[in-house]
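Reminder, nothing fancy here: chain letters follow the sequence lines and each chain counts from 1. As a basis for the values below, the full set of heavy atoms in this structure was taken, side chains included, without hydrogen atoms, waters or symmetry mates.
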Amino acid sequence: MPELPEVADALRRINRFVRGRTIVAVSTHHPSVARHLPPAARRRLVGRTVTTLQRLGKHQLFHLDDGSVLLAHFRMTGDWAIARPGTALPPFARVVFTFDDDVRLVLVDPRVLGTITHHPADAPPTLDLGPDPLSRRFGAALLAEQLRSRRGPLKTVLLDQRVIAGLGNIYVAEALWHAQLDPRRASNTLHATECARLAHAIQAVLRAAPGGRYWERQTSDELWQVYDREGEPCRRCGAAIERFTQGGRSTYFCERCSREGTREGT
DNA sequence: AGGAGCCTGCGC
DNA sequence: GCGCAGGCTCCT
């Protein structure tokens with residue numbers, strides 16, 4: 001379930017169960033996660049206390065009392081669940097951390113693409129992330145600078161975590177629709193007014209995000225303006241939403257609105 | 001830039 | 001069955 005708002009929401013949900021607690025056991029329930037968190041790492045984690053939780057883009061950092069870091073990434077389908085003492089593990093439980101109060105933190109991840117790794121204090125993880133779109137310093141000027149530094153299509157550039165940290169396929173589509181920009185446009189050709197529109201749109205869609213577990217809620221047609229709405233009428237102009245592939249991923253956009261937006265932006 | 005790989009589940 | 005999936009890395 002990972003884009004920035006969902007990761008932030010997941011951390012918020014688990015915070016009170018995890019912060020200040022000491023790990024008494026770690027178990028993996030799939031070879032794929034065991035590869036990233038081998039027996040030696042699991043042993044090292046036992047006895048450690050979680051001091052603080054931190055989000056950097058879509059990465060989650062659990063800072064431990066010995067200065068080491070537990071780094072988690074949900075990828076496509078990861079999420080946290082809390083299993084109270086005596087309760088069964090949820091379906092698709094892949095990693096289980098048991099704390100000193102018998103509460104368990106569970107990585108739920110059907111596709112098992114998520115990763116959890118442990119980094120000793122003397123070898124912290126290097127993440128190479130661009131600015132966070134929800135940080136105070138993010139705005140038109142910073143976005144313009146980032147977009148000028150690349151030359152690929154807007155959609156691809158915005159998905160690059162080194163340019164902006166936290167945007168994924170859904171919110172890029174939504175932000176570009178709001179800003180009325182064509183995903184195929186070269187990122188270094190945007191004018192100042194277009195950058196301003198896009199910066200505003202990015203923050204707006206992230207702030208308005210439905211939070212965690214959105215796939216459990218309504219249908220995507222009710223949730224999004226363009227994402228997963230191929231062939232449906234654009235809510236701004238009524239034209240059919242189009243889908244095509246960009247960098248191996250689906251891009252949804254409204255042609256007519258992009259054309260209008262380009263005219264306004266020049 | 002494009003494609004394969006990592007993995008599994010779901011909807012058609 | 002087949003194609004698709006919210007991410008990211010590595011390889012032509």
To the nearest Å, give me how far apart [atom1] ([X]) and [atom2] ([N]) are.
{"X": "A/F74", "N": "B/dC6", "atom1": "CZ", "atom2": "C1'", "result": "18 Å"}
{"X": "A/F92", "N": "B/dG9", "atom1": "CZ", "atom2": "C1'", "result": "6 Å"}
{"X": "A/D160", "N": "C/dG7", "atom1": "CG", "atom2": "P", "result": "13 Å"}
{"X": "A/Q246", "N": "C/dG7", "atom1": "CD", "atom2": "P", "result": "14 Å"}
{"X": "A/R94", "N": "B/dT8", "atom1": "CZ", "atom2": "P", "result": "7 Å"}
{"X": "A/H30", "N": "B/dG9", "atom1": "NE2", "atom2": "C1'", "result": "12 Å"}
{"X": "A/L113", "N": "B/dG5", "atom1": "CG", "atom2": "C1'", "result": "10 Å"}

Distances under 3.5 Å between nitrogen or oxygen atoms of protein and nucleotides 3-5 of chain C:
unit_1: C/dA5; atom_1: OP1; unit_2: A/S250; atom_2: OG; d: 2.6
unit_1: C/dA5; atom_1: N3; unit_2: A/R111; atom_2: NH1; d: 3.1

Are the side chain of [X] and the backbone N or O of [Y] linked by a donor-acceptor pair below 3.5 Å?
{"X": "A/Q161", "Y": "A/L167", "result": "yes"}
{"X": "A/R148", "Y": "A/T189", "result": "no"}
{"X": "A/N169", "Y": "A/S250", "result": "yes"}
{"X": "A/T98", "Y": "A/R104", "result": "no"}
{"X": "A/S68", "Y": "A/L64", "result": "no"}

Answer yes or no for A/R229 and A/W224: cation-pi contact, defined as NZ/CZ to six-membered ring centre under 6.0 Å and angle to ring axis within 45°.
no
If the cut-off is 4.0 Å, is [X] near the phosphate of [N], judged by side-chain N/O to OP1 or OP2?
{"X": "A/H73", "N": "C/dC8", "answer": "yes"}
{"X": "A/K58", "N": "C/dG6", "answer": "no"}
{"X": "A/Q161", "N": "C/dG7", "answer": "no"}

For A/K155, is there an ion pair with A/D182 - N to carboxylate O distance below 4.0 angstrom?
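Looking at A/K155 together with A/D182, the answer is no, because their closest N to O distance does not fall below 4.0 Å.
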A/D228/A/R243 salt bridge by N-O under 4.0 Å criterion
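A salt bridge is absent here (no side-chain N lies under 4.0 Å from a carboxylate O).
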Take A/F244 and A/F253 through the test ring pair (Phe, Tyr, Trp, His ring centres under 6.0 Å) and record every step on the way to the result.
CA-CA 9 Å; A/F244 68 103; A/F253 83 120; 5.6 Å; yes
Same-atom distance (P) from B/dG3 to C/dG3, integer angstrom:
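Each nucleotide's P atom is 15 Å from the other's.
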Around atom NE2 of A/H29, are there more than 12 heavy atoms of other residues, nucleotides or ligands at under 6.0 Å?
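Count over threshold, so yes.
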Stems where DNA chain B pairs, listed by first number, each of three or more Watson-Crick or G-U pairs under 3.5 Å
B:1-6 with C:7-12, B:8-12 with C:1-5
Tell me whether the rings of A/F99 and A/F97 are parallel (<30°), tilted (30 to 60°) or perpendicular (>60°).
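Judged by the thresholds at 30° and 60°, the geometry between A/F99 and A/F97 is parallel.
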Grab the N/O contacts between the protein and nucleotides 9-12 of chain C below 3.5 Å, and write none if there aren't any.
none

